[in-house]
Student: 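Please read through the structure below; I'll follow up with questions.
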Amino acid sequence: MASSIRVRATANGDITEVQALIQHPMDTGFVKDSKGELIPAHFIQELKFECNGKDVFVAEWGTAVSKDPYVKFSFKGAKKGDDLKVSWTDNKGVSDTTTAKIS
Amino acid sequence: MHKPPLATRRLILQGAASVALLGLGNLPFAAPARAAANDKYPEEAFKQKGEADAIKALYGRNAEPSDKVKLDAPEIAENGGVVPISVTTTLDKVTSISFFVAENPNALAASYRIPDGTMASVANRLKMAKTTNVTAIVEADGKLYSATKEVKVTVGGCGG
Amino acid sequence: MTRRAAILLGSAFVALAALAFASPRVVAADKVDPVADAKAFQNFFFQKFPNVRHEDFVNGPYSMNEDMKRQWREKEEFPPYEFALDAGKEMFATPFKNGKTYADCFPNGGIGIRQNYPYFDEKEGKVVTLELALNRCREANGEAPYSYVKDEMASLTAYMAFTSRGKPMDIKIPDDPRALAAFENGKRYFYTRRGQMNFSCASCHVQSPGERIRAEILAPALGILNAMPIYRSEWSGMGTTSRRFITCNSQTRAVPLEPQADEYRDVEYFLSYVANGLPISGPGARP
Amino acid sequence: MKRSLPIAMLLALSFAPPARAATEADYKAAYVAAEAASKEAAALRHQWTTTVSTLATARKAADGGDFDRAFAAAKEAEALAKASIFQATSEKEAWKTMEIR
């Protein structure tokens, strides 16, 4: 199945802009389902971006991050063709990772 | 629901860490407060209800408003579940950026570690329970700067 | 509900009826003339919103409000319907158990044809929508039909809409009295008040587009289906045209009809025909 | 104006509560009338969600033995159903007033 992570990393000059969209329910634990039972909290806690062996961005998320979360940031020191490794883990210990080429 | 062993071990470690931190709490802050930029998930901070407690748990001190922190958030959110919020700053030596939604069940929404070489600006989409203040805090060179904006949130439609 | 509430309800009717008479006074025409109807429909919106570019009407509420448009642009950078689109593309190519795929059911392999749906099927004598055609294709190949309001149908229609993005809506009404009747029936449904709120589709989408209805901005009726299916933040999920009609009904406290009921097929026919020439912009992201 | 006055009167009239507490028989009669009206509204495909929920409230109250509330809810459901029937019939022509020409 396709990875849960969609990444777009585009370098112009020394600055690489990164956008990521992750398929995840991000349940807060406050919402009830149709039968009236609480849907347990299930959300990504940590999202890490690594490039050339170095962390370039680390997100620590709580329950207030939207479903199918999105984040955008930029960093220096990478160039076209470098690999950008993206990985997340959630509060249930589930995780996923993918590697994208900077275009 | 049983927590997998790995998470439990990590919790214990954090428990120890936060106890230590609390212990520090009442000491005069002579020692530089432990910057939030450690590698642990700030479990304690995410648990806090109020914004002040969350900021204290995360950074251990208060922020002062600064116009160098540009917070961009809609005036009226098109939907409380997906509110596009972003912050950018001209301050340098930024090591951490965090977002707080004052009257959410837990005020701390997201916290980002900004390593050296990464630009000090973040865009994300947050959930807001109701109309309230959104605050962005930037940790630059050990000091905290903040910007706050009210975002109106309500449901849509005529309610059926 | 006490007597006081009944009076309140009664007075609400009186107020709403007055609102109805304040609308454009017209003489009832008897002959059905879709071409004239479409022209009048489009001109109404072009004159009511002179500074909205014609092709912008398909962006619904975002063509009506700058602050909303900014939030929409931000979402569109990495739209939330991205996953449904990929799922739809994969599903579209996955063969049925009998080896056939959706491409075998549709002209041009189903690519770039969304702008011709719904069409009037002269054999059946009824309007056939894209969602109906997809389920009929599944059934013809021994597969169970999908729910009209759930994600699978939304993903398939999202992919087919995406392959038609930018193409002008191109709905045809054959010279067949039953087709004209279907168009008229759709028009009647669009203007008929229903539900305890006593609203018709037109009460919101013709008389007050651009106005706020609590957090939302009402979309203009012109091109309102061009962005279907839509990812609604309100549902934090995809929604087909069927789901949108059903939820609109229940918001006015009208009991919805079954998905793909004749009335829904006809009103989709009417709304798509009067939007002829405006670009397909689906799948869309909405509040 | 003339079209909505009858709806308002219709609703007010049908709320005349019985002098004494409603009995199960009163409730049953009111419920049958309400259900008939609701079926007619459904046949016209103009049923209101509030009619359906008020009928349910009536049944629930009756199951709980509170026939006063059950009777009132059944009466209200009937009124709502009748109003939706009136809406369906009056809209047969009234929709043309809103049509864009």
Student: Calculate, to the nearest 0.5 Å, the distance between atoms CZ and CH2 belonging to C/R194 and D/W48 respectively.
Tutor: 12.5 Å
Student: What's the spacing between D/K92 NZ and C/T192 OG1 if we round to 0.5 Å?
Tutor: 8.5 Å
Student: Between C/E258 and chain D, which part of the residue has a heavy atom less than 4.5 Å away: side chain, backbone, both or neither?
Tutor: side chain
Student: Can you tell me how far OG of D/S84 sits from CG of C/N198, rounded to the nearest 0.5 angstrom?
Tutor: 11.0 Å
Student: Give a yes or no on whether D/R69 atom CZ has more than 12 heavy-atom contacts from other residues, nucleotides or ligands under 6.0 Å away.
Tutor: no
Student: According to salt bridge (Lys or Arg N to Asp or Glu O under 4.0 Å), does anything in residues 259-268 of chain C pair up with another residue at least two apart or in another chain? List the pairs.
Tutor: C/E124-C/R265, C/K126-C/D262, C/D262-C/R265, C/E263-D/R45
Student: Nearest heavy-atom pair of D/E91 and C/R193: which atoms, and what distance?
Tutor: OE1-N, 3.0 Å
Student: Looking at OG of D/S53 and CZ of C/R253, how far apart are the two atoms once the value is rounded to the nearest 0.5 Å?
Tutor: 8.5 Å
Student: Identify the two heavy atoms, one from C/A40 and one from D/R101, that lie closest to each other, and give their separation to 0.1 Å.
Tutor: CB-C, 3.0 Å
Student: Side chain, backbone, both or neither: which part of C/F45 has a heavy atom under 4.5 Å from chain D?
Tutor: side chain
Student: Going by heavy atoms in the side chains, are C/Y191 and D/T97 under 4.5 Å from each other?
Tutor: no
Student: Is the closest side-chain heavy-atom distance between C/Q196 and D/T49 below 4.5 Å?
Tutor: no
Student: Could you check if a side-chain atom of C/F190 sits within less than 4.5 angstrom of a side-chain atom of D/E99, using non-hydrogen atoms only?
Tutor: no
Student: Got a sec, which residues hit ring-ring contact (aromatic ring centres under 6.0 Å, His included) with C/F57, two or more places apart in sequence or on another chain?
Tutor: C/F46
Student: Output, in order, the C-alpha distance, side-chain angles, deciding distance and verdict of side chain to side chain contact (heavy atoms under 4.5 Å, CB included) for D/M98 and C/V206.
Tutor: CA-CA 9 Å; D/M98 290 184 85; C/V206 168; over 6 Å; no
Student: Tell me, yes or no, whether the heavy-atom count around D/K60 atom NZ, taken from other residues, nucleotides or ligands under 6.0 Å, exceeds 12.
Tutor: no
